[in-house]
Enquirer: 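Next up is a structure, given as structure tokens.
Chain naming here is simple, since letters A, B, ... match the order of the sequence lines and numbering starts at 1 in each.
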Amino acid sequence: MGHGGNLMKIKKDLGVLLAVYGLLALLPIFFHNNMSLMNILIISLIWAVVAGSWDLIMGFAGIFTFGQIAFLVIGGYSSVIFCKLFGISPWFGFLIGGIVAGGAGILVGLPCLKLKGAYVALVTFAVHMILEPFLKSDIGRAIGTGGAQGILTVPPLKIGSYVYNAMEPTPWFYTLLIISFIAFFIIYKVVHSMWGYSFIALRDSELFAQSVGVNAFKYKLIVFGISAALTGMIGGVYANYVGMLSTRILGLDLFLILMVMLVLGGMGRFPGALLGAFITMFISESLRYFDTYRLIIFGLLVMVLVIKMPQGIIGLIFPLGKAGIIERTILHFREKKAKKAEMIT
Amino acid sequence: MLLYCKDLTKKFGEITAVNRLSFDVKAQEIFGIAGPNGAGKTTLYNLITGVYKGIGEINFDGSEINNLDPHRICHKGIARTFQIPQLATSLSAYHNIKIAAHFGNEKNRVDKKVIDDVIAFNGLRDKQGIVADKLSLIDKKLTMVAAAMATQPKMLMFDEPMAGLSPLEIRHLMDLFKKINEERGLTIVIIEHFMKVLTELADRLMILENGAKLCIGPPLEVTQDKRVIESYLGNCYAESK
Ligand SMILES: Nc1ncnc2c1ncn2[C@@H]1O[C@H](COP(=O)(O)OP(=O)(O)O)[C@@H](O)[C@H]1O
Ligand SMILES: [Mg+2]
């Protein structure tokens, strides 16, 4: 066996990504009139990008950051504030959100470089905790965060003369399909590049990676930057889609849901976060009936998943090192066919 | 003189793991290091390769390398393996070697010929597609050697490479190290517990005890040294019998 195994894996990753997006693209044909379902799909795509970029740093690079929602919020606020301040198009706002959040990611990454596992989680979560009082403070208000109330009007997104609006979810859906695909394609490209290999090497053995010339400092900052930038960019999109922005998304709900998406999808297993996002959103919606118990159920789900299914859904379909459901099914049918052929002859 | 260390010292709290150690390694030689467990051998490697910062002077190939980060020291031409195998465990042997070939030089340029060469040299052709975690112990060690070689170093440092291997595998590695030294002209530093390995391979041998140099010289002289027999070889030979 050569190193063809890796080439196949790369194609498989891209194949799964394309297949999922192909299926998603068909959904509005059947459901474009179902407003609530379309809304869930759109929100799923947004959270998928957050989960996917969180997975890049936590799953692939093995850096336990709990600051992903902070970057989402930083991206969202800076995107909207820039648009309002300078009258630029929200499309540019998304980019600004990405750039500002990426910069914030690198800044937060700096003190984390010398820290081990749990301490990184603490430092990054501290950023998350600080953000809410900061945005509500007088300084925040002066920048244009709208204080405790948040930002209640967001400049509308336009393409040509078309203005995106809440009554027509289909254009939003396809726009998010494209934006999230770009984000996942970037993640895919990064994961399968030498950068991606350096992240994995640093995760598996920092001693080894450094001994063969990997600059731990540089590549950890790069992964902080990319992960935060993608999340910040989608933060801008989120603010535009929802039409307002407040510190409410810094609550524990979203944090827990994103975590379930990650573990359910499979950490460090591309594109597990994408699948995890959709499945989790649908579980979450069906649990709406249970109201406050929803979070308890989610918390328990995280625990069970981490223990029983550490590789997530993707691990179930394509487990590392053995045949997965798809391969087993193919084998099963091949054997059946072979038996039939035997019986005939 | 390729490597030159002067008054190297490393303390961990109360413990002085390396104690005012001075020695040098000549270009193209095989330099052996031995000594009881806890003598400070691995700590010495960690000082030279930048994993730990200590006191003293380290000079390699004409420039000071103390206080450089590990990846910079790799770029200067020092590559190493680890006592407990260290690899990117979830990537294939091939990718481990590719990472080393890519990041091992300052320009981050992969030379495919280098990769193919070290894979062939270390006999990993049939194993290169296997995830490092699933490799046998000897293949893990060979992958570490191949990765170290892929950084195109001037000097290779092996930390107890024979530990856990069968006599046949030890023989194979010894021949491989000789080949690396003779055919590739690489300087080798090797920490080893098996005296036979060192007496056969090493041009010079240094015995460490409590972080300090006990004795240094040609292996045959060193193994005859009274202090060495008393403090190290005595119980070591007893252990093996
Ligand atoms: N990271 C560390 N922290 C504290 N003590 C250490 C550390 N590394 C090594 N030591 C101590 O330094 C001494 C030398 O260890 P080491 O260099 O691993 O010895 P050797 O490789 O010769 O067996 C031992 O007493 C060990 O306990
Ligand atoms: Mg040791």
Enquirer: Between A/Arg269 and A/Leu275, is there a side-chain heavy-atom distance shorter than 4.5 Å?
Expert: no
Enquirer: Is the gap between the ring centers of B/Phe103 and A/Tyr219 under 6.0 Å?
Expert: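 Ring centres of A/Tyr219 and B/Phe103 closer than 6.0 Å.
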Enquirer: Identify whether the distance between the nearest side-chain nitrogen and carboxylate oxygen of B/Arg72 and B/Glu106 falls below 4.0 Å.
Expert: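 Yes, charged N to carboxylate O under 4.0 Å.
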Enquirer: Under the side-chain contact (heavy atoms from CB on, under 4.5 Å) rule, collect the residues that match up with B/Ala79, sequence neighbours excluded.
Expert: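 B/Ala79 satisfies side-chain contact (heavy atoms from CB on, under 4.5 Å) with B/Ala148, B/Thr151, B/Pro153, B/Leu156 only.
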Enquirer: Just list the side-chain donor-acceptor pairs under 3.5 Å for residues 108-119 of chain A, sequence neighbours left out, or say none.
Expert:
none

Enquirer: Determine whether the aromatic ring centres of residues A/Phe60 and A/Phe199 are separated by less than 6.0 angstrom.
Expert: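 Here the rings of A/Phe60 and A/Phe199 have centres that are no less than 6.0 Å from each other.
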Enquirer: Given a strict heavy-atom distance threshold of 4.5 Å, which part of B/Asn96 is in contact with chain A: side chain, backbone, both, or neither?
Expert: both
Enquirer: Pick from B/Val131, B/Asp133, B/Thr89, B/Leu87: which one has the most heavy-atom pairs with chain A under 4.5 Å?
Expert: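 Highest number of pairs under 4.5 Å: B/Leu87.
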Enquirer: Sort by residue number and list every residue of residues 32-63 of chain B having at least one heavy atom under 4.5 Å from chain A.
Expert: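 Listed by number, the contacting residues are B/Val51.
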Enquirer: Before we go on, tell me: are the rings of A/Phe278 and A/Trp47 under 6.0 Å apart, centre to centre?
Expert: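 Ring-ring flag for A/Phe278/A/Trp47: false, centres at least 6.0 Å apart.
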Enquirer: How about residues 203-212 of chain A versus chain B: which residues have heavy atoms under 4.5 Å apart?
Expert: A/Arg203, A/Asp204, A/Ser205, A/Leu207, A/Phe208, A/Gln210, A/Ser211, A/Val212
Enquirer: Mark yes or no: B/Lys179 above the aromatic ring of B/Phe121, with NZ or CZ under 6.0 Å from the six-membered ring centre and no more than 45 degrees from the axis.
Expert: yes
Enquirer: Within 45 degrees of the axis of the six-membered ring of B/Phe12 and under 6.0 Å from its centre: does B/Lys10 put its NZ or CZ there?
Expert: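 Cation-pi check for B/Lys10 and B/Phe12: passes.
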Enquirer: Hey, is CZ on A/Phe217 packed in by over 12 heavy atoms from elsewhere, all under 6.0 Å?
Expert: no
